[in-house]
K.L.:
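The structure is given below, and queries will be raised subsequently.
In what follows, chains carry the letters A, B, and so on, assigned in the order in which the sequence lines appear, proteins first and then strands, with residues in each chain numbered from 1.
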Number of protein chains: 2
Amino acid sequence: MGIDAAPTTDRRHRRREETIREIVDVAVELMGEHGAAGLSLGDVARRMGIRTPSLYGYFDSKNALYDAVFEQGWRQLADDVTVRWALPADESRRVSRDELAEFALAAATSFARWGVEHPAYAQLMFWRPVPGYEPSAAAYAPAVDVSTRGVKAFEELRDRGLLRADVDLGEAFRQWTVLIAGVVSQQLSNAPHESFDDGTFTRGLPQLVAMFLQFYGPAPRARRTR
Amino acid sequence: MGIDAAPTTDRRHRRREETIREIVDVAVELMGEHGAAGLSLGDVARRMGIRTPSLYGYFDSKNALYDAVFEQGWRQLADDVTVRWALPADESRRVSRDELAEFALAAATSFARWGVEHPAYAQLMFWRPVPGYEPSAAAYAPAVDVSTRGVKAFEELRDRGLLRADVDLGEAFRQWTVLIAGVVSQQLSNAPHESFDDGTFTRGLPQLVAMFLQFYGPAPRARRTR
DNA sequence: GTCTATATGACGATAGAC
DNA sequence: GTCTATCGTCATATAGAC
């Protein structure tokens with residue numbers, strides 16, 4: 001173990017991580033072309049210019065690769081939604097209820113948009129399309145994290161008055177996921193080639209969010225006219 | 001062409017239909033065990049006690065079999081929902097709004113229940129899990145029929161006062177399908193082994209229907225207290 | 001209509017040389 | 001780490017005997 005043993009290890013490690021990342025990206029690319037269940041290791045290797053067995057230096061099995069895709073998908077989605085959804089952290093009352101509602105819609109929209117625009121990931125993350133594969137606990141972790149942070153965000157929305165004080169946050173968040181999963185699922189199943197902005201189902205998302213907020217929100221107030 | 005040519009033809013025809021039906025049923029059974037995309041013709045033949053090539057006397061390809069499953073699924077679902085959802089056809093005003101709401105909930109429930117309790121069909125009908133397969137126009141017909149009848153039912157619900165007079169029925173029905181597809185999809189993806197009655201997501205369906213009716217229904221009226 | 005036999009090819013995965 | 005070679009399995013589909 002010379003003086004540069006550690007740096008060498010790091011460099012090798014970094015290179016390895018890059019290769020792993022490339023395998024996952026190519027896999028996602030191919031899943032987009034042939035469907036999540038249509039992935040083949042031969043195709044992955046071919047597109048990378050290597051041989052199939054070389055992949056086994058990085059993944060123990062095909063399902064391990066699916067696991068990496070699943071995990072990376074949730075990480076990307078989490079990043080994407082977090083970036084687009086930053087609640088103004090200033091004094092609570094400076095943010096009007098309408099503004100909060102817009103933040104909620106923005107969060108729902110960025111989530112659904114990511115799903116529709118990344119159908120390969122979405123199939124694996126929101127459905128169960130691959131026989132014999134189900135995500136490991138480790139791969140699930142980022143998904144759980146998204147959920148946890150979602151409930152926390154709901155808590156804040158409640159404290160700031162967008163949701164009624166007496167709502168069950170866990171239940172409300174679950175219903176929230178049903179709405180978004182429903183939109184993504186219907187769009188991808190029935191009209192996968194439509195863009196998010198023009199989608200038959202995605203265009204209804206603002207209404208669904210309004211529906212949700214009317215139900216879980218506080219005031220009886222003035223009636224929407226449409 | 002003897003006098004019994006027609007009966008003989010009929011008998012043969014009937015026998016053939018029975019075999020086709022059996023193939024489809026076995027296929028659904030296996031899809032339930034290995035996932036929709038995990039279906040293999042060898043397994044189908046084995047379970048029927050015949051050889052794989054014999055299947056080609058009834059279906060031109062594996063995708064043709066998927067098509068038959070898809071079509072039969074929508075037919076069964078349509079029958080199931082129709083049986084459970086018979087709007088009282090008497091004088092309109094004899095049926096209270098609460099009763100109409102219960103009918104709507106019953107329809108949603110029977111639909112979602114069928115999906116959750118027939119996951120093999122549901123995967124194929126609501127998702128796109130099989131690489132290279134997409135339903136033919138013929139297979140889609142019963143699905144379109146369900147949709148058409150759904151919109152008609154919504155029309156009646158509007159005429160009877162459960163929905164506001166100015167709602168866009170097509171849009172409302174689409175949102176309705178999003179809610180139900182969302183429930184089925186979330187339940188099957190995240191907790192496929194839970195029963196419909198105890199399902200984490202299915203249990204929220206009544207709330208979703210209430211949410212929907214509050215949004216698309218008429219009266220501002222008294223506020224729900226939960 | 002159902003069978004045997006077979007064509008043809010892909011797949012995931014492993015062994016062992018370099 | 002990547003390769004060649006290969007194992008064993010399974011797939012869809014066809015040809016032709018019975």
K.L.:
Assuming nearest nucleotide by heavy-atom distance, tell me which of Asp60(A) and Ser40(A) is located more 5' along DNA chain C.
P.N.:
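Closer to the 5' end of DNA chain C: Ser40(A).
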K.L.:
Please determine if a side-chain N or O atom of Arg12(A) lies less than 4.0 Å away from the OP1 or OP2 oxygen of dG1(D).
P.N.:
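So the side-chain polar atoms of Arg12(A) never come under 4.0 Å of the phosphate oxygens OP1 or OP2 of dG1(D).
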K.L.:
Between dG12(C), dG1(D), dA13(D), which nucleotide has the shortest distance from any of its atoms to the side chain of Tyr56(A)?
P.N.:
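For Tyr56(A), the side-chain atoms sit closest to dG12(C).
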K.L.:
What is the separation between atom CZ on Arg51(A) and atom P on dT6(D), rounded to the nearest whole Å?
P.N.:
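In whole Å, dT6(D) P lies 15 Å from Arg51(A) CZ.
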K.L.:
Report yes if a side-chain nitrogen or oxygen of Ser54(A) is closer than 4.0 Å to either non-bridging phosphate oxygen (OP1 or OP2) of dC3(D); otherwise report no.
P.N.:
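Yes.
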K.L.:
Taking the six-membered ring for Trp, are Phe215(A) and Phe212(B) closer than 6.0 Å centroid to centroid?
P.N.:
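No, they do not, as the ring centres are separated by 6.0 Å or more.
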K.L.:
I want to check one thing: is the phosphate of dT2(D), taken as OP1 and OP2, less than 4.0 Å away from some side-chain N or O of Tyr58(A)?
P.N.:
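Result: yes.
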K.L.:
When you get a sec, tell me which of dC3(D), dT14(D), dA11(D) is the closest nucleotide to the side chain of Pro53(B)?
P.N.:
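Within the option list, the nearest is dT14(D).
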K.L.:
Taking the six-membered ring for Trp and the single ring otherwise, decide whether the centroids of Trp176(A) and Phe154(A) are under 6.0 Å apart.
P.N.:
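Ring centroids of Trp176(A) and Phe154(A) are less than 6.0 Å from each other.
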K.L.:
Taking the ring centre of each residue, are Phe70(B) and Trp127(B) less than 6.0 Å apart?
P.N.:
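Ring centres of Trp127(B) and Phe70(B) not closer than 6.0 Å.
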K.L.:
Need to verify one output field. Residue with the more 5' nearest nucleotide on DNA chain C, Thr19(B) or Thr52(A)?
P.N.:
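Nearer the 5' end of the strand: Thr19(B).
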K.L.:
Looking at Arg75(A) and Glu71(A), is there a salt bridge between them, counting it only when a charged N and a carboxylate O are closer than 4.0 Å?
P.N.:
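Here Glu71(A) pairs with Arg75(A) in a salt bridge, since their nearest N and O are under 4.0 Å apart.
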K.L.:
Whole angstrom is fine here: how far is it from CG in Asp43(A) over to C1' in dA10(C)?
P.N.:
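It is 10 Å, rounded to the nearest whole Å.
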